[in-house]
Amino acid sequence: MQSGKQESDIPIKVRFAPSPTGYPHIGNIRTALFNWLFARHYGGRFILRIEDTDTARKVEGATQTILDSLIWLGLNWDGKPYFQSQRLHLYHEVIQRLLQEGHAYRCYCSRQRLEKVRQEQMRQKQPPRYDHHCRYLSDQERSKLEASGINSVVRFKTPLEGETSFCDLIRGQISFQNGTLDDFILLKSDGYPTYHLANVVDDHSMNISHVLRADEWLSSTPKHMLLYQSLGWQPPQFAHLPMILGPDKSKLSKRHGTTAITEYKEQGYLPQAMINYLALLGWSLDDKTEFFSQEELVKNFSLERVGKAGAIFNKEKLTWMNGVYIRQLSLEEFTQQALPFLNRDLPASVKRPLDNNYIRQVMPLIQERARTLVDVSQLADFFFLEELPYSTTLLLSSKIEASVAMHSLRIVQVTLQSLSTWDAASLEISLRPLAPELGLSTRKFFGLLRSAITGRTASPPLFQTMEVLGKKRCLQRFANSQKVLSNSLMEKS
RNA sequence: GCCCUCAUCGUCUAGAGGCCUAGGACGUCAGCCUUUCAAGCUGAAGAUCAGGGGUUCGAAUCCCCUUGGGGGCACCA
């Protein structure tokens with residue numbers, strides 16, 4: 001009727017059991033992560049089981065995406081993944097046993113009848129449940145239906161009385177009145193088991209010691225307990241994890257947009273940051289530590305510190321954390337990570353292959369400013385573009401009169417033409433004194449140069465940027481920007 | 001409708017009877033730094049601990065009720 005004591009002598013074995021009816025999202029992966037952490041912490045096993053018993057809703061490519069997601073995050077599983085579709089014989093054996101021992105029965109009701117019953121129950125504000133129609137069929141009726149070749153399903157004969165309880169490792173003792181439970185279906189008419197049957201049979205046959213799954217399964221746990229009981233099997237320990245919620249506090253779903261975990265990879269998030277952030281959704285070590293390496297998580301993880309309340313996924317904090325992780329990367333690592341994004345996102349006009357040596361010079365200026373890897377191309381594109389999309393408003397954004405700006409750019413160009421050593425320090429030495437000479441504040445003066453050099457008002461430090469760009473490009477940009485200004489002046493007059 | 005469950009700043013959370021005039025982080029705002037941005041630093045605003053009853057010398061912490069949220073109630077998982 002119940003379990004609950006910690007059986008420490010039983011080897012730890014957990015499973016991640018996704019169904020390939022969609023791509024794994026944050027919530028699925030958080031469940032995988034907690035299972036993985038639990039297994040690794042206790043030196044147990046973490047297995048992967050694909051619950052592909054819904055032939056109708058199966059999504060092509062979902063299984064591969066599940067594997068890819070886990071690999072990306074470094075959540076390595078033990079052994080080969082199991083597929084329930086390849087284990088049908090096992091479920092059928094158990095069904096035979098349950099049928100023979102009177103714990104289950106065949107149900108011949110049509111979907112139409114079931115729907116009608118449900119409608120009626122709803123109308124009367126009754127809980128929608130199977131009305132036991134086939135539970136009490138006489139032998140004659142049964143063999144008659146059987147002979148007619150009509151399709152049937154197998155239902156569990158849920159006890160009408162009594163209660164079923166179990167001890168959840170996170171929530172404590174939980175009990176349900178059996179009378180409120182349904183005669184749920186074990187085997188569908190297509191011969192595939194339902195989740196309830198398959199998960200119980202597999203968890204037992206795979207010696208799963210702990211089932212860590214999302215909260216949404218809490219209310220079907222008594223059904224599973226009843227099944228274990230009628231099969232005479234020792235149930236595993238259960239721990240129902242708090243759910244990850246959408247911004248509207250409801251269960252994550254397509255309604256909330258993207259969220260396939262692979263999407264975050266595309267969006268330039270680092271797996272380390274993803275893991276770290278996800279671990280903090282529902283688990284915490286103390287009141288201040290928030291950065292954990294994978295090893296530190298494994299070392300410190302425990303179910304005792306998993307909370308009970310659902311958590312809203314906050315992308316802003318993930319992005320902040322990702323930025324911190326990006327800045328912690330070595331320059332070499334960062335460059336390697338950024339390269340595919342540069343190749344993908346830089347305009348087609350930029351020649352490929354990209355110049356590795358040049359990129360290596362650009363990246364230090366970008367790394368400390370990027371919060372995601374997709375930021376990189378956006379932050380760095382002016383380093384690669386031949387023609388900058390200038391506008392007079394941009395060039396004059398530091399509120400300098402057009403004629404003054406043109407004159408200043410001209411002076412700068414002449415000054416730099418003769419500069420022999422092109423590095424940030426030399427550039428600063430020759431340029432900084434020009435501001436007072438031109439009667440401009442450094443703020444305005446450098447602002448003007450910045451827009452001419454980068455085509456934008458915000459950029460990495462001016463002199464370093466110019467050093468990396470090189471003399472030729474810089475002089476060209478000063479010339480081009482003067483041209484734009486003079487054109488607009490002529491138009492006006 | 002029925003069953004289960006949850007409840008601390010906008011968000012993630014610390015808090016397991018006195019350390020709490022409730023701590024940290026993201027975000028927000030302000031200041032500093034500064035050629036801009038980012039980063040960094042400093043500071044501020046932000047939670048009558050959902051509400052009401054108990055228990056106790058003492059409750060965010062224990063109990064009860066109420067309210068609110070969430071989940072489940074499929075031949076889906």
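First the proteins, then the strands, lettered A, B, ... as listed; each starts at 1.
In this structure B/rC20 sits in no base pair that meets the Watson-Crick or G-U test at under 3.5 Å. Nucleotide B/rU28 forms a Watson-Crick or G-U wobble pair with B/rA44, both donor-acceptor distances falling under 3.5 Å. Under the Watson-Crick and G-U wobble criteria, each requiring two contacts below 3.5 Å, nucleotide B/rG68 is paired to B/rC6. In this entry B/rC73 has B/rG1 as its Watson-Crick or G-U wobble partner, both defining distances falling under 3.5 Å. The partner of B/rG58 cannot be assigned: no Watson-Crick or G-U wobble pair with both contacts below 3.5 Å exists in any strand. Nucleotide B/rC49 has no partner under the Watson-Crick or G-U criteria, as no pair reaches both atom distances under 3.5 Å.
Within 4.0 Å of A/Lys125, counting heavy atoms only, lie sugar-phosphate atoms of the nucleic acid but no base atom. Using a 4.0 Å heavy-atom cutoff across all strands shown, A/Arg327 reaches sugar-phosphate atoms only and no base atom. Across all strands, A/Ile174 comes closer than 4.0 Å only to sugar-phosphate atoms, never to a base (heavy-atom distances). A/Pro20 comes within 4.0 angstrom of no nucleic acid atom, judged by non-hydrogen atoms across all strands. Contacts of A/Gly282 with the nucleic acid, taken as non-hydrogen atoms under 4.0 Å apart, involve only primed sugar atoms and P, OP1 or OP2. At the heavy-atom level, A/Leu462 lies under 4.0 Å from base atoms of the strands shown. Residue contacts for A/Arg443: at a heavy-atom cut-off of 4.0 Å it reaches the sugar-phosphate backbone alone, with no base atom in range. Within 4.0 Å of A/Ser189, counting heavy atoms only, lies at least one base atom of the nucleic acid. Using a 4.0 Å heavy-atom cutoff across all strands shown, A/Pro461 reaches at least one base atom of the nucleic acid. If you check every strand for non-hydrogen atoms under 4.0 Å, A/Tyr277 touches nothing. If you check every strand for non-hydrogen atoms under 4.0 Å, A/Pro460 touches a base. Using a 4.0 Å heavy-atom cutoff across all strands shown, A/Thr53 reaches sugar-phosphate atoms only and no base atom. Residue contacts for A/Ser175: at a heavy-atom cut-off of 4.0 Å it reaches the sugar-phosphate backbone alone, with no base atom in range. Across all strands, A/Met243 comes closer than 4.0 Å only to sugar-phosphate atoms, never to a base (heavy-atom distances).
No side-chain heavy atom of A/His210 sits under 4.5 Å from any side-chain heavy atom of A/Pro236.
For the C1' atoms, the distance from B/rG24 to B/rU35 is 35 Å, rounded to whole Å. One P atom belongs to B/rC63, the other to B/rG18, and the distance between them is 16 Å to the nearest Å.
None of A/Trp217, A/Phe166, A/Tyr195 except one satisfies the ring pair (Phe, Tyr, Trp, His ring centres under 6.0 Å) rule with A/His224; the exception is A/Tyr195. Screening A/Gln121, A/Gln119, A/Gln126, A/Glu120 against A/Arg123 for a side-chain hydrogen bond (donor to acceptor under 3.5 Å, both in side chains) leaves a single residue, A/Glu120.
Taking a heavy-atom distance under 4.0 Å as the criterion, the stretch of RNA chain B touched by chain A extends 5' to 3' from B/rG1 to B/rA77.
Nearest heavy-atom pair, A/Pro193 versus A/Leu88, reported as atom, atom and distance to 0.1 Å: CD-CD2, 3.7 Å.
Looking at residues two or more places apart in sequence or on another chain, you find no side chain to side chain donor-acceptor pair (under 3.5 Å) involving A/Gln378.
Mapping A/Gln84 and A/Lys251 onto RNA chain B via the closest heavy atom, the residue that lands nearer the 5' end is A/Lys251. Comparing A/Ser250 and A/Val324 along RNA chain B, the residue whose closest nucleotide (by nearest heavy atom) sits nearer the 5' end is A/Val324.
Remark: A/Arg155 is not positioned above the aromatic ring of A/Phe184, lacking an NZ or CZ atom under 6.0 angstrom from the ring centre and at most 45 degrees off the axis. A/Arg87 forms no cation-pi arrangement with A/Phe83, by the criterion of a distance under 6.0 Å to the ring centre and an angle within 45° of the ring axis.
Looking at A/Asp52 and A/Lys58, no side-chain N of the basic residue comes within less than 4.0 Å of a carboxylate O on the acidic one, giving no salt bridge.
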